[in-house]
2 protein chains.
Amino acid sequence: MSEEEYLKNYNIHDYDIPLSTVDMAIFSLIEGELNILLVRRKQQPCKGMWALPGGFIDLALDKTVDDAAQRKLQEKTGLKSAYLEQVETIGSPSRDPRGWALTVLYFALIDITKINDNELEENTKWLSVRDLDQTKLAFDHNLIVHKALDRLRAKACYTALPIELMPSEFTLSELQAVFSTILNREFQAKSFRQRVLSAKMVEETGKSKISGKRPAKLYRSTEIDRDTYFSRPLLDKGS
Amino acid sequence: MSEEEYLKNYNIHDYDIPLSTVDMAIFSLIEGELNILLVRRKQQPCKGMWALPGGFIDLALDKTVDDAAQRKLQEKTGLKSAYLEQVETIGSPSRDPRGWALTVLYFALIDITKINDNELEENTKWLSVRDLDQTKLAFDHNLIVHKALDRLRAKACYTALPIELMPSEFTLSELQAVFSTILNREFQAKSFRQRVLSAKMVEETGKSKISGKRPAKLYRSTEIDRDTYFSRPLLDKGS
DNA sequence: GCAATAGTGTCTCTTAGACAGTATGCG
DNA sequence: CGCATACTGTCTAAGAGACACTATTGC
């Protein structure tokens, strides 16, 4: 049989295949806390429960899996661009009552100041990651949100990824506070500044932020930051 | 409508969903070279071409995606255990002529001395990764094998992962040679030994390997190696 | 002894962390 | 001025790389 004949007779609906979704762990910083976006499920299954934003890959709309993630991000936040990274794909027959379900988990880091509150859909809320363990989410979302968090924390140890959570201009004290929040440890101002400056992860804007006390220089992120590593990792194995 | 009613009426075959596969980049060391396992496709599509081992997730056999990867590994190599890591999930409407196809890519690191050659299926071969670019593989497998290689190389910069390619006992000179092969750079014996020993990635067996010249101490991998980081990465950004 | 491979002593350089000290704003 | 926050000077310690050196085998 030729490939052509084979394809003519091939019908995907003849096979049992998993249902395929994308789930998004969308993180932002609100009042110094790491938050994650949740949506209340409007439809069965798990109707009424809080869940990660996500949904089926749309074979007509999505040219890649990343496209599906991008589309979900835009549907829920209105944002066309943000840092997006695939974390892991999880599948099992028991995680969705409809059957063997496979989901591609992404995390997104967004600058909360870019969000118009009126662009947020109804039945949508930000939850501090501190409160995650007291919140029962739909499906296995409690589990997978931790996978996304673990990835974010791991990457924060050796890259400047948390910069993606910042507004376009920020002070180094603010950035240091963000790393402290994510990694749950304190840093010395001297060595923190040395790290991010010598790795050229940020550059001066020339402007300053006047906030009552001594003005702080404002920085912006450079282009080269996503896969720029610290010369030594911010070891955090202990905590 | 209750969840129960909803599920009763739900039929996955009513929807257009991607076909879902697992692909395996199985690496081993043969004569000091990193090799990858390829199989010649027995069936349409791409019949007769060399491809990564892989196949459909079997909803009856596989309880997780990792199970599917594990099953494929065993079918092709006979190995029940090996280091297995999910790399990335790739999907698009064009990568498989049968339709929108989603594949979960894994890499496996195996100790070649554990393979019985007669357990290898027919139409299976090891290819040196050096020769990959001269070999046209089925589907987008040239592309995705590079994703697996990139992951392996990135992890070799900061973890002891290449130990998984070694036999159960090995000398530090041999291990150093493996890192050199993978990362394509030389290392100083002094600092290399210092790194792996101080990170407690290996321990002495008490035995020695007599290979003509001065005997070399034999080491085995410790339990803690997979996510143990070097205190500073083996920077390799240049090459 | 010699060749070859295994493994070490020691110096230098870079960088993280500690911590005290200086700088610059406001009231 | 005092206070708070921003930022720096300087010392110490750890670890990586360079490289010469020693160690242990077979022949």
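None of the values given here were measured: they were computed from a predicted structure. Proteins come first, then strands; the chains are lettered A, B, ... in the order of their sequence lines, and each starts at number 1.
Residue whose closest nucleotide on DNA chain C sits further toward the 5' end, between A:F230 and B:S173: B:S173. Residue-to-nucleotide proximity on DNA chain D shows that, of B:F192 and A:R232, the 5′-proximal contact is made by A:R232.
Here the CD atom belonging to B:E174 is positioned 10.5 Å from the CG atom belonging to B:L29, to the nearest 0.5 angstrom. With rounding to the nearest 0.5 Å, the separation of CD1 in A:I57 from OG in B:S20 is 7.5 Å.
The one candidate from A:K217, A:K209, A:K207 that meets the side-chain hydrogen bond (donor to acceptor under 3.5 Å, both in side chains) condition with A:E169 is A:K207.
Using a 4.0 Å cutoff to heavy atoms of chain A, the contacted part of DNA chain C runs 5' to 3' from C:dT14 to C:dC26. Here the range on DNA chain D touched by chain B, meaning any atom under 4.0 Å from one of its heavy atoms, is D:dA14 to D:dG26.
Ion pair B:D111/B:K114 flagged as a salt bridge, since at least one NZ, NE, NH1 or NH2 atom sits closer than 4.0 Å to an Asp/Glu carboxylate oxygen. Salt-bridge annotation for B:E85 and B:K155: present, with a side-chain N of the basic residue lying under 4.0 Å from a carboxylate O of the acidic one.
The aromatic rings of B:F192 and B:F179 lie perpendicular to each other, with more than 60° between the two planes, well past the 30° mark.
Side-chain N or O atoms of A:T135 include one that pairs as donor or acceptor with a backbone N or O of A:D131 at under 3.5 Å.
Non-hydrogen atoms lying under 4.0 Å from DNA chain C are contributed by A:Q194, A:R195, all within residues 194-206 of chain A.
Donor-acceptor pairing under 3.5 Å is lacking for the side chains of B:N35 and B:S128. Side-chain atoms of B:D66 and B:T64 form no donor-acceptor pair, as typed in the model, at a separation below 3.5 Å.
Contacts of B:A216 with the nucleic acid, taken as non-hydrogen atoms under 4.0 Å apart, involve only primed sugar atoms and P, OP1 or OP2.
Note: A:Y158 and A:Y229 meet the aromatic proximity criterion, with ring centroids under 6.0 Å apart.
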